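First comes the structure, then the notes that go with it.
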Number of protein chains: 2
Amino acid sequence: MVDASIAILDEGGEKGLTFQALAKRLKTGAGAIYWHVENKSDLLVAASDAIVINVIAACSAGGSPADKIRALALDLFDALDDRPWLGSALAQAPGSMPTIRILEHLGREVRAMGVPHEDEWTVVAALLNYVLGVGGQNAAHAEMARMQHLEREAFLGEIALRLSALDPKDFPFVQSIAPKMPDHDDRADFLTGIDLFLDGIARRIAGSPMASDRTTRTEEP
Amino acid sequence: MVDASIAILDEGGEKGLTFQALAKRLKTGAGAIYWHVENKSDLLVAASDAIVINVIAACSAGGSPADKIRALALDLFDALDDRPWLGSALAQAPGSMPTIRILEHLGREVRAMGVPHEDEWTVVAALLNYVLGVGGQNAAHAEMARMQHLEREAFLGEIALRLSALDPKDFPFVQSIAPKMPDHDDRADFLTGIDLFLDGIARRIAGSPMASDRTTRTEEP
DNA sequence: CCATACTTGGAATGCCGTTCCATCCATGTC
DNA sequence: GACATGGATGGAACGGCATTCCAAGTATGG
């Protein structure tokens, strides 16, 4: 059943998975599915988990902790890129098993990097948020491109066009980078983001401890 | 009309905004709304844009570029924390005006930091992804808490409980940080993530250029 | 052979985004 | 001051969806 869901999601995107479609593929009724899953959300989580388990299991092993983080992040990126629905599923079900699995594996390596115990959570949470954020954005891009029946390149071209049309008075930066948009490499950009994080972490470990003396406003707005 | 949408979203969350609810509040018919907006997505974008414009306008000014990035990020965090629907709206409409505005203002400061032109896009994209990722996660948490009629603290407590129940064999890291979950500070964690980024950027500017000689697989999977 | 518990299939329900169209109203024209 | 015109309105109707409900089927153990 999870396999069937994944197949439907791969073929029709996240909008393609309906209980009726799944019922038809399984040659059963929509109601029967509710005997095995509680929710549609449950279904998504189960499908996501199946994928995430595979990604983590297949994750190439060796190297330093930082290398392992990079490897896991890239494998995740590739999975999210292959299956845009995964990104939105993970983004919408925080605290579910797939997310926990990722958290665990990132956490182990962060710990192995020698981050002080009191900072582990913050560092791992930041990494996880970044990974999920990119995944979500990727998913949204893919979904939007699908709705307009555009390939990735044409879609980025359209965005670049829209950006160029903005008033240079108000949007100097955006306009200046618009031309670079159509042929940038999402995967490389993603990796650079990870590297920035890892560098930041390394700097903290080498230098002063992480608890920033920077004033952090704590009033509840 | 945008104001009415925002009011409904604030009261009832993202699920609360329906065309019928909006029509009732505006004492009109559902169809009339379609004269002014193309889509429900359009409506969300318009509402998001109104908020984002205010956040950016009210953003406290002074300080170094890095300080300005921190200030904008924190103001955004507070806005996203106040209005969980904003996070999911921004996450689902990439390339729309609110996102572009954020991109622009982050970009200006990144440029002011002295990041080489060829690396600007990557750095800004990473920052944006992080901010949106956190926003999306926050939104998902809030939505999930709302559905279970739980306050934030009780909700985190439940999650901590679930994490503690995991097999320590398989999830040593997650289990070890579970007790810290209920009383961590999302806002401080978010800021630390931003700081990690900024440190990573500073390190690159000070040291070697950003284009990493690290091998980046580029095959399309 | 039957009783019980598990499982199934599909009809019915209620909600939602979206479309459609008859109607209204303000504005500019003669 | 009547009138045509086009922007705006309100609400009914449609199609699709998740979810619920229940009558019917099926296997299992006595």
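Keep in mind that this is a model prediction, so the values were computed, not measured.
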Parallel, tilted or perpendicular: ring planes of B:Phe155 versus B:His141, cut at 30 and 60 degrees: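 Perpendicular.
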Plane angle bin for B:Tyr34 and B:Phe19 - parallel if under 30°, tilted between 30 and 60°, otherwise perpendicular: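 Parallel, since the angle between the ring planes stays under 30°.
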Once you round it to whole Å, what is the distance between [atom2] of [N] and [atom1] of [X]?
X       : N      : atom1 : atom2 : answer
A:Asp42 : D:dT19 : CG    : C1'   : 14 Å
A:Phe19 : D:dT20 : CZ    : C1'   : 12 Å
A:Leu26 : C:dT7  : CG    : P     : 16 Å
B:Ile33 : C:dC16 : CD1   : C1'   : 13 Å
B:Tyr34 : D:dC14 : OH    : P     : 17 Å
A:Leu44 : D:dA18 : CG    : P     : 10 Å
A:Leu43 : D:dA18 : CG    : P     : 10 Å
A:Gln20 : C:dA12 : CD    : P     : 14 Å

B:Arg108 and B:Glu104 ion-paired at < 4.0 Å: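 Result for this pair is yes, salt bridge flagged.
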Report yes if at least one side-chain N or O of [X] is closer than 4.0 Å to OP1 or OP2 of [N]; otherwise report no.
X       : N      : result
A:Asn39 : D:dT19 : yes
A:His36 : C:dT8  : yes
B:Trp35 : D:dT9  : no

Interatomic spacing from CD1 in B:Ile8 to CG in B:Leu22 - rounded to 0.5 Å: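 One finds 4.5 Å between CD1 of B:Ile8 and CG of B:Leu22.
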Nucleotide of C:dT8, C:dC16, D:dC17 approaching A:Lys40 most closely (side-chain heavy atoms):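 The answer is D:dC17, which lies nearest to the side chain.
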5' priority, DNA chain C, between B:Glu38 and A:Gly31 [closest heavy atom]: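 That would be A:Gly31.
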Test item: B:Gln175 side-chain N/O and B:Ser164 main-chain N/O as donor-acceptor pair under 3.5 Å: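 At least one qualifying donor-acceptor pair exists.
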Touch class at under 4.0 angstrom, heavy-atom based, for A:Lys27 against every strand present: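 Sugar-phosphate, no base atom in range.
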Touch class at under 4.0 angstrom, heavy-atom based, for B:Ala30 against every strand present: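 The answer is base, as B:Ala30 lies within the cut-off (heavy atoms under 4.0 Å) of a base atom.
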